[in-house]
Asks: 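Encoded as structure tokens, here's the structure I'll be asking about.
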Amino acid sequence: DSIKLGILDQKGIRNRERMEIIQNTLQTLLSEAKLIVRGEILDIKNNNTSIRLKEAFNILIDKIYFNLSILRNQKYKEEDIKNYYLSAKNGFPITEAQQTIYDYINAQKRNSLRVTIKAILDRFNKKNYGWSNFAVLSNIAGLIGTKKIELINDSNLLLEDEFINYLKNSNFRSNIIVQIKEEIPQEKVEKLKFFYKNFFEKPPTAIETFELADEIKKEINSLNIKLQKYIEQIKDFPFLEGYREKFNLIKEISQKNNSWIINDLPFENHLIEIKINLVDPIITFMEGPQSSIYKDTFIFYENNIDNFMFLKNIKSDEIRKILNDSECFLGNKIPNLKRFKTELEKEITEKKLEEINFTTIKFNQIKKQIESLSDYINADNEDQSRINNEIERSIFALKNTNNILSIQAIFDNFEKVKLPSLISSLVKNDTNNIISSSSIRINNKKLILESEEDVNDFIEEYKKAILEEIRSGNKIKI
């Protein structure tokens, strides 16, 4: 093992000596070599190979990327994108780099070519510029700040709080179009201000044309969000269905780009009429207390349709007319709606109480009849309690129903279904069923009895049906 280690050490020493010789030879060759750039021999006298090569590469960069000097040795960082925009916006004059980029965009425009952020980066990243991405993007931001250019994405102008993030995100650069910002005639600006003032009933805060277009778009978008929320409430406000088309018109405008807003919107005078005569009253209605009155009345009407048949008036019809009226929010219709609802609530409560009292009396009569039965008198306390509890449960159910029609239905169900069963349960050893007289079906061919003969025929048929049930072993509760 020691012999092997000795051999390896000797080889290592010889390899290091060989490496040193190679390095020294290479340095000598590089220091004595001719350095040529574009056919010109460089006169660089320096025994330090690293310094000699660095100077040569600097000369090469100057020769190849001769437009790099336009940046004035400025080192650009990501935060300079926003800084350059704010400086330009605050009045800092256009730089040589920004003018160079602007001239390129303008030249492409004259040739009817579309310019994207990626196209500009590709242009100025390569020779003979060699500008970094941050250098190009920062100067583009400066051009936006001086209002020389604008950025368009998906046909929409990118706003101040948007475009900086879009510039930083490489995924969007192929789709963002760079346009020369055109001067808008003052006449169009005035028409736009006139539309804004009449449509929104207040003066605009923006002065510049595109800022004014942005302000209009924001306001219309806010209006659209509000109207679409109303559409979502059509279930509670069915009259709004008639305005869906008008609301969607506002939605369509909210999706228009700034170019359409500047050039076409001022001529859409019908929009002002829709806004003032239709949209504004609906907003006042929906945002005010009258919407609660409408909604409460609508729910009241839906829940009491069956109860209205017991009332001898047309107030429910008046409520229905107002609820379905497309202009229910105008005039004194909502106050009338509230009044009709209040009056009907009182009448329904009174009618329901009347029906409950009447039916409760019938239950009490049945209870007394049951209590007089010998089978009930002889029954044990458990059976008696079961019958009494069933009667009390039925009375409780009718007192707590909201539907007047259900009051009679509860009684009929008890009388025809539950009562015969309760009576049968009192007789432990009786195999005969007890049925209600109302369950007996007779073969009556006439709907109306018109003569004595008709009456006699009916009685005879009814008698046959009763006897048939008795012969079958049934008992009948009358």
Side-chain angles (χ1 to χ4, degrees), residues 296 299-312 316 341-444 458-459 461-478:
D296 291 344
I299 295 172
F300 166 78
Y301 181 85
E302 291 291 305
N303 291 339
N304 287 278
I305 290 178
D306 291 337
N307 289 333
F308 296 145
M309 69 177 70
F310 292 92
L311 307 180
K312 298 178 180 179
S316 61
K341 174 179 175 285
T342 302
E343 292 174 358
L344 281 176
E345 281 178 327
K346 182 181 178 182
E347 293 175 18
I348 289 173
T349 300
E350 291 174 350
K351 184 62 177 176
K352 188 168 74 171
L353 185 59
E354 177 187 330
E355 292 294 322
I356 289 172
N357 291 337
F358 177 74
T359 307
T360 302
I361 291 172
K362 292 199 291 184
F363 268 111
N364 289 331
Q365 289 173 345
I366 289 176
K367 185 178 180 183
K368 287 181 180 180
Q369 289 173 343
I370 293 175
E371 290 173 346
S372 67
L373 295 174
S374 60
D375 290 332
Y376 177 86
I377 295 171
N378 296 326
D380 56 33
N381 291 335
E382 184 180 349
D383 287 338
Q384 291 179 350
S385 296
R386 180 165 47 79
I387 293 174
N388 292 335
N389 290 339
E390 191 62 47
I391 293 173
E392 291 302 321
R393 275 195 293 271
S394 296
I395 293 175
F396 179 81
L398 66 88
K399 286 183 177 180
N400 286 278
T401 183
N402 291 320
N403 195 320
I404 298 174
L405 199 61
S406 297
I407 296 173
Q408 185 61 42
I410 291 170
F411 179 81
D412 289 344
N413 181 63
F414 177 84
E415 185 183 36
K416 297 175 183 178
V417 179
K418 293 182 179 180
L419 182 57
S421 177
L422 290 172
I423 295 174
S424 295
S425 68
L426 291 174
V427 185
K428 302 297 184 183
N429 299 319
D430 194 348
T431 58
N432 293 342
N433 293 326
I434 297 178
I435 64 172
S436 173
S437 60
S438 59
S439 66
I440 297 174
R441 298 290 179 263
I442 62 174
N443 185 22
N444 184 34
F458 175 78
I459 293 173
E461 289 295 330
Y462 191 42
K463 179 181 176 181
K464 288 179 182 178
I466 292 174
L467 290 173
E468 186 176 342
E469 292 291 343
I470 291 174
R471 293 189 190 101
S472 299
N474 294 327
K475 294 180 180 180
I476 301 169
K477 185 203 77 66
I478 58 174

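Along the sequence shown, residues carry numbers from 1.
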Asks: To the nearest 0.5 Å, tell me how far Ile348 CD1 sits from Glu343 CD.
Replies: 12.0 Å

Asks: Is the count of non-hydrogen atoms from other residues, nucleotides or ligands lying under 6.0 Å from Lys463 atom NZ greater than 12?
Replies: no

Asks: What's the spacing between Ile356 CD1 and Asn400 CG if we round to 0.5 Å?
Replies: 8.0 Å

Asks: For the residue pair Phe363 and Phe411, does the interplanar ring angle fall in the parallel (under 30°), tilted (30 to 60°) or perpendicular (over 60°) class?
Replies: perpendicular

Asks: Do Ile391 and Ile370 have side chains that approach each other closer than 4.5 Å (heavy atoms only, starting at C-beta)?
Replies: yes

Asks: Can you confirm if the NZ or CZ of Lys341 lies within 45° of the ring axis of Phe300 and under 6.0 Å from the centre of its six-membered ring?
Replies: yes

Asks: Looking at Glu355 and Lys351, is any side-chain nitrogen of the basic one under 4.0 Å from a carboxylate oxygen of the acidic one?
Replies: yes

Asks: Quick one: pull up CD1 in Ile404 and OG1 in Thr349 and give me the separation to the nearest 0.5 Å.
Replies: 8.5 Å

Asks: Could you grab the distance from atom CD of Gln408 to atom OG1 of Thr401, nearest 0.5 Å is fine?
Replies: 12.5 Å

Asks: Should Lys312 and Glu347 count as side-chain neighbours, where that means a heavy-atom distance under 4.5 Å?
Replies: no

Asks: CD1 of Ile395 to CD1 of Ile407: how many Å apart, nearest 0.5 Å?
Replies: 12.5 Å

Asks: Is it the case that the side chain of Ser394 and the backbone of Glu390 share a donor-acceptor pair, with hydrogens and angles ignored and the cut-off at 3.5 Å?
Replies: yes

Asks: Quick check: does any side chain N or O of Ser372 sit under 3.5 Å from a backbone N or O of Gln369, one acting as donor and the other as acceptor?
Replies: yes

Asks: Between OG of Ser316 and CG of Asn307, what distance do you get to the nearest 0.5 Å?
Replies: 10.5 Å

Asks: List the residues meeting side chain to side chain donor-acceptor pair (under 3.5 Å) with Asn413, not counting sequence neighbours, and say none if there are none.
Replies: none

Asks: Just by modelled atom types, is the Asn304 backbone N or O under 3.5 Å from a matching donor or acceptor in the Asn402 side chain?
Replies: no

Asks: Is the shortest heavy-atom distance from the side chain of Ile387 to the side chain of Asp383 under 4.5 Å?
Replies: no

Asks: CD of Glu302: more than 12 outside heavy atoms within 6.0 angstrom?
Replies: yes

